[in-house]
Amino acid sequence: MSKRKIYVYSNETEVSKKTADLLKKKLEQSCFEVPGEYDEEAELIVVIGGDGAFLQAVHLFNFPHIPFIGINTGHLGFFQEINPEQLDEFIFNYKNNKYTLQPMTTVKGVLGLETGDINLKGLNEIVIRNEEMHSIHLNLSIGGSFIERFSGDGIIVSTAAGSTAYNYSLGGSIVDPRLQMLQVTPIAPMNTTAYRCFTSSILVPSDLDLSIMPETGTKSVIVAVDGESRTYTGLKNIDICVSNTVVNLLRFEGYDFWNKVKTKFL
Ligand code: NAP
Ligand code: MN
């Protein structure tokens, strides 16, 4: 019988690389194979680093069906479940199936450009914002109904998983990942007699599509997905909805979302 494969992905910090070497040794001693390159036949992907490394891995391997587990060597490590001191415990629990899978919904965007469409997928969020210091005007529709003409720096559309990231810094709400929704949060909305738009987040159920249309005359906008940004000119609109793709994270006994929120934020 061929060995069960576990792929180990690590960022470039010394502590991550050391942890990866040690983990590989321990996994091999426990009769797992650790392939040298990403292998779609792996049953698990271990990501060593912080949340940034986790997001990187999700994109690099193109939102795979294979579940992830994170080892935190970064700063915050909200996605990351275990510490570098817990490798033996992790292998023991994994081998004995003492875990559950936490499914995380993702967000999909279709950018309508004059040259054609571009598809985007994010685990945390999609951000649409001004390129320069001038305000940007964005027409927002939800479920086919026009909602508002937004004026300010931009709009972010966050998943539940992303609610504790940029969304939270903008005053958005923390969302339990068991909820299926998207959160639309304004970035520096203007509210004057000249411009009026919502100043709070809007929660949209997963069966409604969003459409954001930069006002005619907008030269260029920045679109960022999970922290990776690009500038687009000639963006006609962007359609955003909950994607069918789910990212699964291993969670071990004792994991509780709200407890994690408390320990990481308060
Ligand atoms: P980064 O600038 O290093 O990330 C900023 C912080 O966000 C890091 O502490 C990171 O954790 C944390 N983080 C990422 N995803 C999170 C999540 N789902 N819940 C709670 N915290 C999370 O860039 P990065 O590490 O590549 O992460 C990209 C993300 O940064 C973007 O998706 C966006 O949400 C966020 N961001 C936040 C702000 C802001 O709050 N003002 C501005 C830009 C981007 P680690 O320390 O473990 O990496
Ligand atoms: Mn980071």
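Note: hydrogens, waters and symmetry copies are ignored here, and every other heavy atom, side chains too, is used. Both ligands and their constituent atoms are indexed starting at 1 by order of listing.
Note that CG of Asn119 and CG of Leu111 are 8.5 Å apart. Values are rounded to the nearest 0.5 Å.
Look at Glu253 and Lys98 and you find no salt bridge, because none of the NZ, NE, NH1 or NH2 atoms lies under 4.0 Å from a carboxylate O.
For Phe252 and Phe92, the ring centers sit 6.0 Å or farther from each other.
Among protein residues, Gly50, Asp51, Gly52, Leu55, His75, Leu76, Gly77, Phe78, Phe79, Asn124, Glu125, Ala161, Thr164, Ala165, Tyr166, Ser169, Asp226, Gly227 come within 4.0 Å of ligand 1, judged on heavy atoms.
Residues meeting the side-chain hydrogen bond (donor to acceptor under 3.5 Å, both in side chains) test with Asn93, sequence neighbours left out: none.
Tyr255 and Gln102 are linked by a side-chain donor-acceptor pair at a separation below 3.5 angstrom, with hydrogens and angles left out of the test. No hydrogens or angles considered: nothing links the side chains of Lys95 and Ser30 as a donor-acceptor pair under 3.5 Å.
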